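Here it is, the structure, as structure tokens.
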Number of protein chains: 2
Amino acid sequence: MIHLSHSNADESVPAEGRASDVVVDQIQRQILSGTLENDSLLPSERDLMEQFSTSRTVIREAVATLASRGLLEARPRFRPVVRKPGYDTALNSVGSIVQLMLQQEGGIESLFASRVFVERGLVRDAAVSANREDISALKEALARNKNAIADSETFYETDMAFHGVLYGIPRNPIFPAIHIAYCSWLKPHWGQMLRSPERNEVNYASHVAIYTAILERDPDAAEEALATHLSTAWEYVRETFGAS
Amino acid sequence: MIHLSHSNADESVPAEGRASDVVVDQIQRQILSGTLENDSLLPSERDLMEQFSTSRTVIREAVATLASRGLLEARPRFRPVVRKPGYDTALNSVGSIVQLMLQQEGGIESLFASRVFVERGLVRDAAVSANREDISALKEALARNKNAIADSETFYETDMAFHGVLYGIPRNPIFPAIHIAYCSWLKPHWGQMLRSPERNEVNYASHVAIYTAILERDPDAAEEALATHLSTAWEYVRETFGAS
DNA sequence: ATCGCATCTTGGTTCTACCAAAATGTTCTC
DNA sequence: GAGAACATTTTGGTAGAACCAAGATGCGAT
């Protein structure tokens with residue numbers, strides 16, 4: 001049973017829940033409807049307190065709730081800024097728990113395995129249904145990747161960008177969000193990997209293999225290329241520092 | 001009166017964050033370490049306020065934060081109960097935002113498409129690497145599914161259970177959590193579908209097809225069977241009520 | 001025009017108080 | 001003595017005032 005449903009749009013009298021809930025609901029509505037423009041600053045707590053004719057306690061609680069949902073971005077001493085929700089912010093808001101999960105036994109392995117699973121499916125689909133634009137996007141990303149072999153820092157970025165193109169191919173906004181999430185979650189562990197032009201060369205070659213397989217419309221080859229690519233990269237990460 | 005006890009330069013904390021953060025951190029630690037037993041009740045706010053020698057405000061704020069992270073389950077007028085985090089609670093805590101996303105144009109389609117994507121990969125892998133136990137689990141789920149054809153309610157459950165077996169095959173704790181999330185998120189929209197023994201019969205036949213393909217170690221057939229299964233079911237849902 | 005200081009604003013925190021509902025204890029009844 | 005009805009205590013939710021410190025602002029001096 002899921003209890004998180006903001007179930008009722010109660011305009012009627014009965015059993016008031018938390019007072020902050022109605023404030024949350026109102027502000028949420030204002031954000032979604034655009035009354036509160038995206039990237040704009042939320043009114044001061046004292047203003048809101050007057051606007052909703054309630055105490056500051058309630059306002060603060062509501063703001064905290066909305067912030068935890070990702071609809072507001074509240075840095076400690078600053079005015080909260082309005083963030084219209086997207087799939088990325090949704091996944092972002094789980095970040096804190098995910099970080100906990102990752103510290104547990106096998107956490108990183110599980111997450112990485114899920115990523116491999118997803119990308120295997122992505123490259124299969126890409127091999128089947130990538131159109132001209134997708135292909136050229138991959139080609140461009142590949143070119144940038146090649147040019148960055150000497151510079152490990154930008155190579156890392158172009159590496160992610162290349163994989164990011166794959167996430168864009170399904171034309172489903174959820175996938176790019178997942179990609180961003182994977183990158184941000186794995187970065188702390190992945191980023192410690194020793195990088196070198198030699199390693200970059202190897203990874204670039206893997207990308208080429210994936211690209212080629214997609215180009216040749218060979219799902220199995222594409223999947224295979226990606227699987228070996230990621231697993232070897234993962235092995236390299238593992239041996240860089242003992243499994244935590 | 002200890003006002004500024006740990007206000008600044010306390011320990012390794014670089015910037016003077018919120019006071020509630022240290023409380024959040026402490027309680028979180030206690031939950032993870034088991035000092036606060038799972039399913040037990042959190043001490044009263046006034047106790048905590050004494051324990052951490054701080055005001056009730058920050059305690060409440062900390063509790064709210066932990067609740068939003070899913071480490072506490074806080075019903076309006078009751079004592080919060082401790083919930084040791086799992087992948088399921090992690091996904092659960094995004095539920096509220098996801099519900100918002102789903103109300104936007106194409107939200108449900110996107111989510112459902114992602115589910116199809118995932119399950120296509122699952123059945124492929126199942127066809128390749130399912131072991132005896134997996135097969136027998138599928139067989140059992142299938143049998144229960146068949147027995148429930150007459151009763152649409154339990155058929156729905158056994159239907160989900162069958163798909164759930166697929167999510168268990170990778171032996172990756174993330175996947176069952178994803179399954180639960182999909183079910184709970186899609187339930188409000190999916191549950192409105194008109195169900196009938198005839199429809200159940202069709203769906204059961206699809207399950208058999210998937211099972212058979214897995215049994216025959218035919219990934220392509222399995223994927224195909226699942227894709228058609230879900231897409232026809234989806235079409236049926238769509239025509240039941242116009243796309244929202 | 002720019003820098004620097006005084007001031008205002010605003011978020012973070014504490015405190016006190018009150019209310020209502022939950023939890024607990026007590027008594028009364030059968 | 002068990003269970004129901006009632007009284008009391010706990011406890012979470014809300015209000016409101018006050019204070020502090022850091023950001024934001026404005027103004028005057030250079």
Side-chain angles (χ1 to χ4, degrees), chain A residues 3-4 6-8 10 12-27 31 36 39-83, chain B residues 1-11 13-27 36 39-69 71-83:
Chain A
H3 43 275
L4 291 174
H6 42 60
S7 56
N8 43 6
D10 49 353
S12 55
V13 196
E16 287 282 339
R18 277 181 263 258
S20 64
D21 286 348
V22 319
V23 178
V24 167
D25 202 57
Q26 287 289 328
I27 296 182
I31 293 178
L36 283 173
D39 290 337
S40 69
L41 275 64
L42 199 71
S44 77
E45 295 179 351
R46 289 172 174 86
D47 280 352
L48 290 172
M49 148 185 172
E50 187 173 347
Q51 176 178 340
F52 291 99
S53 62
T54 180
S55 73
R56 198 153 148 247
T57 312
V58 176
I59 297 296
R60 286 186 59 77
E61 195 169 329
V63 169
T65 299
L66 289 169
S68 79
R69 287 190 193 175
L71 278 80
L72 295 178
E73 187 180 330
R75 309 209 313 290
R77 277 264 164 200
F78 293 80
R79 292 274 284 278
V81 292
V82 176
R83 288 276 182 247
Chain B
M1 309 311 172
I2 315 166
H3 313 83
L4 301 174
S5 56
H6 35 45
S7 65
N8 49 2
D10 188 352
E11 292 176 14
V13 186
E16 57 287 342
R18 280 179 262 256
S20 64
D21 285 348
V22 317
V23 178
V24 167
D25 202 56
Q26 287 289 326
I27 296 181
L36 285 173
D39 289 336
S40 68
L41 275 64
L42 199 69
S44 76
E45 296 179 350
R46 290 174 173 84
D47 280 353
L48 290 173
M49 150 186 171
E50 188 172 347
Q51 176 178 341
F52 291 101
S53 62
T54 180
S55 73
R56 198 147 82 94
T57 310
V58 312
I59 296 295
R60 288 186 58 77
E61 194 169 334
V63 168
T65 300
L66 289 169
S68 79
R69 290 189 191 175
L71 277 80
L72 295 177
E73 186 179 330
R75 309 211 311 291
R77 276 256 165 207
F78 293 80
R79 293 273 283 279
V81 293
V82 176
R83 288 277 183 246

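Labels below follow one simple rule: chain letters A, B, ... track the order of the sequence lines, proteins then strands, and each chain is numbered from 1. Nothing here was measured: the structure is a model prediction, and the numbers come from that model.
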- Query: Quick one: on DNA chain D, does A:Arg56 or A:Ser53 contact a more 5' nucleotide (nearest heavy atom)?
  - Reply: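 Mapping each residue to its closest nucleotide by heavy atoms, the 5'-most match is A:Ser53.
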Checklist entry - Where the side chain of A:Ser55 is defined as all heavy atoms beyond and including C-beta, which of D:dG13, C:dT13, D:dA15 is the nearest nucleotide? => result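 Within the option list, the nearest is D:dA15.
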Check: Has B:Arg75 got more than 12 heavy atoms of other residues, nucleotides or ligands less than 6.0 Å from its CZ?
Finding: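 At most 12 heavy atoms, drawn from other residues, nucleotides or ligands, come within 6.0 Å of this atom.
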Exercise for the section: Could you state the atom-to-atom distance from CD of B:Glu61 to P of C:dT14 in whole Å? Expected result: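 Going from CD in B:Glu61 over to P in C:dT14 covers 10 Å.
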| field | Closest nucleotide among D:dA24, D:dG12, D:dA15 to the B:Arg46 side chain | value |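 Selected nucleotide: D:dG12.
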Given atom CD of A:Glu45 and atom C1' of D:dG23, what is their separation to the nearest angstrom?
->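 Distance, rounded to whole Å: 14 Å.
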- Query: Taking the side chain as C-beta and beyond, is there a heavy-atom pair between B:Leu72 and B:Val82 under 4.5 Å?
  - Reply: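 B:Leu72 vs B:Val82: side chains touch.
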Length of the line joining B:Leu72:CG and D:dG12:P, which is rounded to integer Å:
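Taking CG of B:Leu72 and P of D:dG12, I get 12 Å after rounding.
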Next item on the list: Output yes when at least one side-chain N/O atom of B:Thr54 is less than 4.0 Å from OP1 or OP2 of C:dT14, else no.
Entry: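 Affirmative; the distance criterion is met.
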Open item on the list: From C-beta outward on B:Arg79, which listed nucleotide comes closest to its side chain: D:dT11, C:dG11, C:dT14?
Closed with: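 Among D:dT11, C:dG11, C:dT14, the one nearest the side chain of B:Arg79 is D:dT11.
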- [ ] Quickly work out the A:Ile59 CD1 to D:dG13 P distance and round it to whole Å.
- [x]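 Whole-Å distance recorded here is 17 Å.
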Item to complete: Name the residue closer to the 5' end of DNA chain C, choosing between A:Ala74 and B:Met49 according to the nucleotide with the nearest heavy atom.
Response: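 Its nucleotide being nearer the 5' end, the pick is A:Ala74.
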Rounding to an integer number of Å, can you tell me how far A:Leu41 CG sits from D:dG23 P?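 Computing the A:Leu41:CG to D:dG23:P distance gives 15 Å.
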Looking at B:Arg60 and D:dG12, is any side-chain donor or acceptor paired with a base atom of the opposite kind under 3.5 Å?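 Between D:dG12 and B:Arg60, which were checked side chain against base, a qualifying N/O pair under 3.5 Å is absent.
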* Tell me, yes or no, whether the heavy-atom count around A:Gln51 atom CD, taken from other residues, nucleotides or ligands under 6.0 Å, exceeds 12. =>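 Counting neighbours around CD of A:Gln51, more than 12 heavy atoms of other residues, nucleotides or ligands fall under 6.0 Å, so yes.
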In this structure, how many angstroms lie between the P atom of D:dT10 and the CG atom of B:Leu48, rounded?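 Checked: the CG to P distance equals 17 Å.
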- Message: If I take atom CZ in residue B:Phe78 and atom P in nucleotide D:dG13, what distance separates them, rounded to the nearest angstrom?
- Response: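 B:Phe78 atom CZ is separated from D:dG13 atom P by 11 Å.
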Identify which nucleotide among C:dG11, D:dG23, C:dA22 has an atom closest to any side-chain atom of A:Ser44, counting heavy atoms from C-beta outward.
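Given the options C:dG11, D:dG23, C:dA22, the side chain of A:Ser44 is closest to C:dG11.
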**Message:** I need the minimum non-hydrogen distance between A:Ile27 and A:Leu48, along with the two atoms involved.
**Reply:**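 Smallest heavy-atom distance, with atoms named: CD1-CD1, 4.5 Å.
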Out of C:dC15, C:dA21, C:dG11, which has the shortest distance to the side chain of B:Arg77?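 Nearest to the side-chain atoms of B:Arg77, counting from C-beta on, is C:dA21.
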Task: Those residues that, when tested against A:Ser20, pass side chain to side chain contact (heavy atoms under 4.5 Å, CB included) (two or more places apart) - done: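 With neighbours one apart ignored, the set is A:Arg18, A:Val58, A:Glu61, A:Ala62.
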